[in-house]
Amino acid sequence: MIVVTGAAGRLGRRVVQLLVDRDREVLATDQLDADDLPAKFVRCDLKDAQAVGDILKGAEAVIHMGAIPGPLREDPRVIFDNNVSCDFNVMMSAAELGLRRVVFSSSAFGMGWAHDGNAFVPRYLPLDEEHPMMPFEPYGLSKQVGEDIGRMIARNSPTTVVSLRFTNVALPEVQAEFPWPAPTPENPLTLVMWAYADARDVAEAQVLAVDAEIEEYEAFMLAQPSSRFNEPTIDIVKNNFGDRVEIRDGLSGAASVISTEKAQRMLGWRPRHDWR
Ligand SMILES: NC(=O)c1ccc[n+]([C@@H]2O[C@H](COP(=O)([O-])OP(=O)(O)OC[C@H]3O[C@@H](n4cnc5c(N)ncnc54)[C@H](O)[C@@H]3O)[C@@H](O)[C@H]2O)c1
């Protein structure tokens with residue numbers, strides 16, 4: 001059985017459907033009611049450690065997406081407290097109950113999303129898993145801490161953990177507005193938002209991550225292959241950062257500033273959707 005947290009959410013619903021389509025046994029959970037899901041559903045606040053333990057009993061894996069999904073929706077204290085508490089309860093119980101795999105929804109916002117679009121200057125581009133996480137605000141920090149909780153349980157128990165560090169999921173109505181005007185120093189856009197993710201491809205990665213062969217702990221960046229803009233990415237980088245950013249291979253044309261080479265190599269993930 002695979003437990004899906006955050007199952008009433010935008011991504012959770014897709015992941016539940018995909019697992020059911022592939023004949024996997026699913027237990028869906030969320031703090032909100034979601035009786036319309038095509039799987040057994042249990043309502044649960046993941047901040048309740050006892051309830052989380054009850055739900056995970058007998059599970060093989062958990063795809064953990066339950067969280068406040070961005071920095072702008074609640075007071076930062078509420079976001080940090082909710083997300084870290086949910087992550088700790090889910091991953092501690094998973095380790096104690098001997099689950100084989102945790103798939104954790106991290107975020108590229110933990111790499112450096114900032115209210116000030118000029119604040120995050122990457123060390124190099126494209127961003128990959130080796131680039132330090134440099135959160136500027138508590139939502140990103142909650143994801144960095146969540147990844148650390150995953151590293152800790154993977155080090156300390158047989159449970160293996162995959163963190164999917166995907167960037168902002170652009171729904172079809174947002175993708176319909178692309179291309180966006182390219183950012184400039186006067187009208188900046190925080191770098192991780194130059195890239196976008198498609199919910200269908202992110203859901204596919206969540207399912208692939210349940211069975212992928214990994215040891216202990218791995219994090220993967222996820223984004224669509226191209227940017228939100230029409231202009232060549234290197235031109236936008238130079239215009240916004242001058243020579244302050246090392247430019248590595250993989251940024252030709254309108255390529256994304258996020259490399260997904262590791263996810264393609266180790267998860268077998270193939271992003272299929274592009275707004276163009
Ligand atoms: N949407 C994005 O752009 C994006 C990008 C990167 C990472 N993520 C991460 O992906 C995951 C899913 O995001 P989404 O866009 O589907 O968000 P969503 O808000 O649509 O779904 C998240 C679900 O989590 C549930 N939840 C929150 N706190 C809970 C708690 N204490 N107990 C039980 N359930 C709780 C909510 O009720 C909600 O249904 C989140 O972890 C989010 O941080 C999202």
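In each ligand, atom 1 is the first atom listed, and ligand 1 is the first ligand listed. Predicted, not measured: the structure shown is a model, and the values here were computed from it. Hydrogens, waters and symmetry mates play no part in the numbers below; they use all other heavy atoms, side chains included.
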Closest non-hydrogen atoms of Trp194 and Leu189, given as atom of the first, atom of the second and distance, are NE1-O, 2.7 Å
Give every residue pair that meets the side chain to side chain donor-acceptor pair (under 3.5 Å) criterion with at least one member in residues 106-120, sequence neighbours excluded.
Ser106-Glu147
Quick check against the 3.5 Å criterion: does His131 have a side-chain atom that pairs as donor or acceptor with the backbone of Arg123?
yes
Solution key, residues 242-249 side-chain donor-acceptor pairs under 3.5 Å, sequence neighbours excluded:
residue: Arg244; atom: NE; partner: Phe241; partner atom: O; Å: 3.2
residue: Glu246; atom: OE2; partner: Arg248; partner atom: NE; Å: 2.9

Which atom names give the shortest non-hydrogen contact between Ala263 and Leu222, and what distance separates them?
CB-CD2, 3.7 Å
Which protein residues have a heavy atom under 4.0 Å from ligand 1?
Gly6, Ala8, Gly9, Arg10, Leu11, Asp30, Gln31, Leu32, Cys44, Asp45, Leu46, Lys47, Met65, Gly66, Ala67, Pro69, Asn82, Cys86, Ser105, Ser106, Ser107, Tyr139, Lys143, Phe166, Thr167, Asn168, Val169
Applying side chain to side chain donor-acceptor pair (under 3.5 Å) as the test, list every pair that has at least one member in residues 257-270; sequence neighbours left out.
Glu218-Lys262, Thr260-Gln264, Glu261-Arg265
